[in-house]
Every structure is written in structure tokens, then in C-alpha cells.
There are 2 protein chains.
Amino acid sequence: MSPYDPSAFPPFAVTVDLVVLTVRHHALCALSVRRGEPPFQGRWALPGGFVRADEDLSQAAARELAEETGLRAQSGAHLEQLATYGDPQRDPRMRVVSVAHLVLAPDLPAPRAGGDARSARWAPVGTLLGEDGPDHPGDAPPLAFDHARILADGVERARSKIEYSSLATAFCPPEFTVGELRRVYEAVWGVALDPRNFHRKVTGTVGFLVPTGGTTTRQGGRPAQLFRAGGATLLNPPMLRPEV
Amino acid sequence: MSPYDPSAFPPFAVTVDLVVLTVRHHALCALSVRRGEPPFQGRWALPGGFVRADEDLSQAAARELAEETGLRAQSGAHLEQLATYGDPQRDPRMRVVSVAHLVLAPDLPAPRAGGDARSARWAPVGTLLGEDGPDHPGDAPPLAFDHARILADGVERARSKIEYSSLATAFCPPEFTVGELRRVYEAVWGVALDPRNFHRKVTGTVGFLVPTGGTTTRQGGRPAQLFRAGGATLLNPPMLRPEV
DNA sequence: CTGATTATCGTCAAGCAGACGACTAAGATC
DNA sequence: GATCTTAGTCGTCTGCTTGACGATAATCAG
């Protein structure tokens, strides 16, 4: 077949799916919606939808995000393309290629259902991925389509990306304390970090944090300085994730 | 619009494009093909083609790779998905979404032209991207479509990935010396590395290199030990890329 | 006031990286 | 064959970063 022959190409549907992650109650959570129609009716899935004829992929992702959560991409949240999934059998009805996007957002109010989703919820990623955890015995029904794989890829991307970038601040409100940022790392990585070494590391990395001058005691204990995210996007040297 | 409504979706063509990188003559080079038909007739472009109705995206990429270069993905070369490009205007004829893939390969014999490509060649990435270099004044015509952007993204992915993975060995023949591996890093990063510190680093990282017992003098000078790539894929701590 | 909690500063030792000296073993040249 | 050139390999030293952890500070609950 001749490349780029516009008269002979197989028909594809192109969608965007969203892995929307946040940290709530010290746990990494993902947004999922309940499917209102077959296939996989009643099962949980990632939010998403068709790319329209005149919009770019990132525009489609931002539009779906706004429709499902009311979240604007520029309001502190981070949106990036994750990967594309195109197994011929991934949708039983037709050939669908899905361009998955990853969104990192601060803790949000309860999600609002939109489109054909009968409801939407935040759930810990361990529950959605069917891992046995302290909360859930491993009996949760798996996500629809290949969404468990997509979610797992998104979680892994988030886990590795906060190592060498300042993206962990995307999980925080506009102003936050060093302790709050540390609890983000602990929730995403599922480990405990030494508060003293963490404090030394983040305050010693130029461009990572900018003090706002204010303090807060919302976590209890001694008042903590408030910071905003600095201009730096790459952390060098990176934040080291403890083994195991 | 209802997500996943199979009766109403805009028509898309889905293609794979390939960023095939290798190191030749101490320079990072990419494979490009000359377009034999409009649009951009006669201009250089990345190899690629339509995804067939029954094949997965990675299968399509491996097939195109074999068609354009005769290279089998399992023969030491590395293939991974890079990113997806779907600007509505990126192809003047119709809506085309392209799933770009990145291939890292050892230095290959001259590429063979296939499909509608009148010819294919290896070219230094600086030349293809229109950067002024010692070889070329910046008068090279830019790549067709948005392929310059795709190539730049692929080069950046390769540059960062050899930092924290053992992927640089994908640029080497099955057996190679520490010096040859160092010249790969130097070509990809465009820097000079200290041979003594590099040797200490790579031979001291467990699982990176496995000695084969043989030696070679193909680079001149004292005979060097031959190695194969070890089982490790992640480098911890990473190879540090010198500043600027 | 006392204890609990969280934030922040400091100290010390181990590990790693960059700079670089020294030596080895081959081919090339005289 | 002596010497030069080239590349590979082994060591040393110094400074920086990290991990472990002691000590102090500032708030709230009782």
C-alpha cells in the first residue's frame, strides 16, 4: 500500500481517554465513570470521548476534562499526552484508537457526572487496578476495555515523573507547605520519607519552591511556611525514590 | 456527543511514522525518505504508512521498519512508541492521526528504498532539523508535514533515555567495547566524556555489561575487552549528562 | 503546665562524580 | 628494533549529595 494514499485507508475512530490523578486522604486516586451503555454497561471506565473533526488531540483532552470535572487545564492542573492504544480488538464494536492523556490535579470537590456517565467517582488506584490492599479485598470488577492497562501506565508515568520534575506541585493547591508536598510524594510512591531530609532537599533545590511569606497550621503542630511552585520544571539532581 | 457511539464518529486515517536513529561516523543520524508524490513531492520525510485494519500499532511500526530498512525489531534494535500527532491541519488532504515510533538501531548498511519512496538515506539529525552545523549551512529544506517536530521529539527522547537506561547498547553491534559505547553517548549527547570516569561507571554498574572474554583492536591502540549488553534495563544511579 | 504533633536546623559517615596522573599494549613510523 | 601514537585500564583525591538521626521550635489539646 502506498503511504498517504488518501483514497484507500481503513476507517478508524479516534478517541481520547483521560487518566486523571489526584491525592486525597493520603492516597493516589483516579477519576472513573460508570458506563451507561453497552459494552461494559455498568462497569467503571476512564473518562473520554471522540475527537471531533476540527480539534487537536490536546484540545479534545482538555474539553473532555472540562466536561467531566469542570476543571480547566490552566488552573494549576497538568495535562500531557500519555500513550496511544490501538489493539484491533480493544473495542468489540469497531476499530478504535485511543490517545490517552494524563492529568495531575489538586484535590478537587466531588466530580460531576457528564455525558452518558451515570456517575463518576474518585477511587484509590490500587482498588481500580484490583490490587489487594488494606481497604479492599481483591474483588473489585476490573475496568472496562483496556483501561486497567492505561491507568497502570499513567500511574507509572506519574510515579517516575515526580522523581525528576517539579510536577508533584500539580497535586497541591496554589499555596502549600513542605509537609503537604512530602505527603504527595508519599502517597504517589507509597513510601514514607524522612521529613528532615525531604525538607533539606526541596528547599535546597533552586527554582523548585518560592516562599510566599505566609504560614499555616492547617496540618496541626508548629506553623509551616507556605510556598508556591517555582519556575523550575526539571529537578537536578532528581528526588530519589527509596528502593522497594 | 455520546462517548463510544459507533454510528457517529468523524473519519480518521491512522498512520505510523518512524524516527529511526543510529550512530554513524560519530554523529547521530536519522533515516529519511524522499517523497515520490504530492504533497511535499521531492521533499524528505520520515518513513511511515497506514495502519492496516487488522494490525496493532506496534505491529504496523515493525512492519514499516522491515519494509523500509529490512531491519527486524528483534535483532538488537529497540522499538517503542514515541507520541501521537493529530493536528487537524497536519496533512493538507485529510484528517490524519500519526502514531510516531522511535527505533534505535546499530549502524546499518545503506538503507533500501521501499514503497513510494524514490530513495532513502541516513542524515545527521542536525542537518535534518535545519540547525547550522559545521557540515551544513542552514539551507537544508525542512522535512515534510510536521516531521521536523516529530524527529526533534524522538531525538530528545533518545537523549534523555540513555541517561537512565541501558538503551545506548541498542546503538551498538552485539559485541562492543567500552570505548565504542562511550562514542555512542558522545554522539547522541554531542559532548566529550572522560574515558576513565566513563569506564569506571559502566563497568561498575551491575547488570549493564557482560564481558564475552574476547578482545579487539578495531579502534586501534591497546586491545579492548568485548562486552555484550547485560540484563539490566534501568541504570541506577543514572549516567549523568554534562551541563551544556 | 504537659504532652502530642509537626516543622526546621544541624551533624556525621558513606557513596558517587569530576579532575586527572600513571601505566599498558597494540599498530605506525623512522 | 627504537620510538611515537593511539586507545584502554587502574588509581587517587576532593567535593557534593544522601541517608540516618539528634536537637530544637512553635503550635494545639487536655
Side-chain angles (χ1 to χ4, degrees), chain A residues 26 162-164 172 175-187 189 191-228 232 234-244, chain B residues 25-26 162-164 172-173 175-187 189 191-228 232 234-244:
Chain A
H26 291 201
I162 65 173
E163 285 188 56
Y164 58 89
C172 295
E175 296 199 352
F176 54 88
T177 69
V178 172
E180 289 164 349
L181 183 63
R182 175 169 50 82
R183 280 179 278 275
V184 164
Y185 275 92
E186 292 178 333
W189 285 345
V191 298
L193 299 175
D194 185 290
R196 298 157 291 188
N197 293 336
F198 184 87
H199 188 278
R200 175 183 61 189
K201 173 71 176 174
V202 297
T203 57
T205 300
V206 294
F208 193 3
L209 300 181
V210 177
T212 66
T215 61
T216 183
T217 63
R218 62 184 169 223
Q219 299 292 337
R222 170 176 166 180
Q225 277 188 81
L226 285 169
F227 295 87
R228 280 183 293 103
L234 255 52
L235 262 43
N236 207 316
M239 182 83 59
L240 292 184
R241 169 157 42 160
E243 318 274 326
V244 183
Chain B
H25 315 308
H26 292 202
I162 64 173
E163 285 189 57
Y164 58 88
C172 295
E175 296 200 350
F176 54 88
T177 69
V178 172
E180 288 165 350
L181 183 62
R182 175 170 50 82
R183 278 180 281 275
V184 164
Y185 275 91
E186 291 178 334
W189 285 345
V191 298
L193 300 175
D194 185 291
R196 297 157 291 189
N197 292 336
F198 184 87
H199 188 277
R200 175 181 62 190
K201 173 71 177 174
V202 297
T203 57
T205 300
V206 294
F208 194 2
L209 299 182
V210 176
T212 66
T215 61
T216 183
T217 62
R218 60 184 170 224
Q219 298 293 335
R222 170 177 165 179
Q225 279 188 80
L226 285 170
F227 294 88
R228 280 183 293 103
L234 255 54
L235 261 43
N236 206 313
M239 182 83 58
L240 293 183
R241 168 157 44 162
E243 318 273 326
V244 184

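Order of the sequence lines sets the chain letters (A, B, ...), proteins ahead of strands, with each chain counted from 1.
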Let me know the distance between CG of B/L235 and P of C/dC16, rounded to the nearest Å. 13 Å

From OG1 (A/T203) to CG (A/L181), nearest 0.5 Å: 11.0 Å

Which heavy atom of A/P238 sits nearest a heavy atom of A/K201, and at what distance? O-NZ, 3.4 Å

Nucleotide D/dA7, atom C1' - distance to CG of B/L181 in whole Å: 15 Å

Measure across B/R218 and B/L226 and return the closest heavy-atom pair with its distance rounded to 0.1 Å. NH2-CD2, 3.7 Å

Here the gap from B/Y185 atom OH to B/R241 atom CZ, rounded to the nearest 0.5 Å, amounts to 11.0 Å

Base D/dG8 to side chain B/R182, donor-acceptor N/O within 3.5 Å cut-off: no

If the helix axis at each end comes from five base pairs, how far does the helix from C/dC1-D/dG30 to C/dC30-D/dG1 deviate from straight, to 10°? 0°

Should B/V202 and B/M239 count as side-chain neighbours, where that means a heavy-atom distance under 4.5 Å? yes

Find the distance B/N197:CG to D/dG8:P and express it as a whole number of Å. 15 Å

Do you know which two heavy atoms are closest between A/T212 and A/E175, and how far apart they sit? CG2-OE2, 3.6 Å

C/dC16 P sits how many Å from B/K201 NZ, rounded? 8 Å

For B/E163 and C/dA17, what is the distance between atoms CD and C1' respectively, to the nearest whole Å? 14 Å

Determine whether a donor-acceptor pair (one donor, one acceptor, N or O, separation below 3.5 Å) exists between the side chain of A/R196 and the base of D/dG22. yes

For B/P173 and B/F176 the tightest heavy-atom approach is O-CD2, 3.3 Å

Could you give the CZ-to-P distance, from B/R200 to C/dG21, as a whole number of Å? 15 Å

Determine the contact category for A/R183: base if any of its heavy atoms lies under 4.0 Å from a base atom, sugar-phosphate if only primed atoms, P, OP1 or OP2 are that close, otherwise nothing. sugar-phosphate

Whole angstrom value for the distance that separates P of C/dA7 from CG of A/L193: 13 Å

To the nearest 0.5 angstrom, please state how far the NE2 atom of A/H199 sits from the OG1 atom of A/T177. 9.0 Å

Here the pair of heavy atoms bringing B/L193 nearest to B/F198 is CD1-CD1, 4.0 Å

Nearest 0.5 Å please: distance from the NE2 atom of B/H26 over to the CD atom of B/E186. 8.0 Å

Nucleic acid contacts of residues 219-228 of chain A, taken as heavy-atom distances under 4.0 Å to DNA chain D: A/G221, A/R222, A/P223

Just to be sure I understand the geometry, which residues of residues 206-214 of chain A put a non-hydrogen atom under 4.0 Å away from DNA chain C? none

Rounding to 0.5 Å, atoms CZ (A/R182) and CG (A/D194) come to a distance of 8.5 Å

Of the candidates C/dC20, D/dT9, C/dA26, the side chain of B/D194 sits closest to C/dC20

Yes or no on side chain to side chain contact (heavy atoms under 4.5 Å, CB included) for A/V184 and A/I162, after CA distance, side-chain angles and deciding distance? CA-CA 10 Å; A/V184 164; A/I162 65 173; 5.6 Å; no

C/dT8, OP1 or OP2 - any side-chain N/O from A/H199 closer than 4.0 Å? yes

What's the CG-C1' distance between A/L240 and D/dA20, to the nearest Å? 15 Å

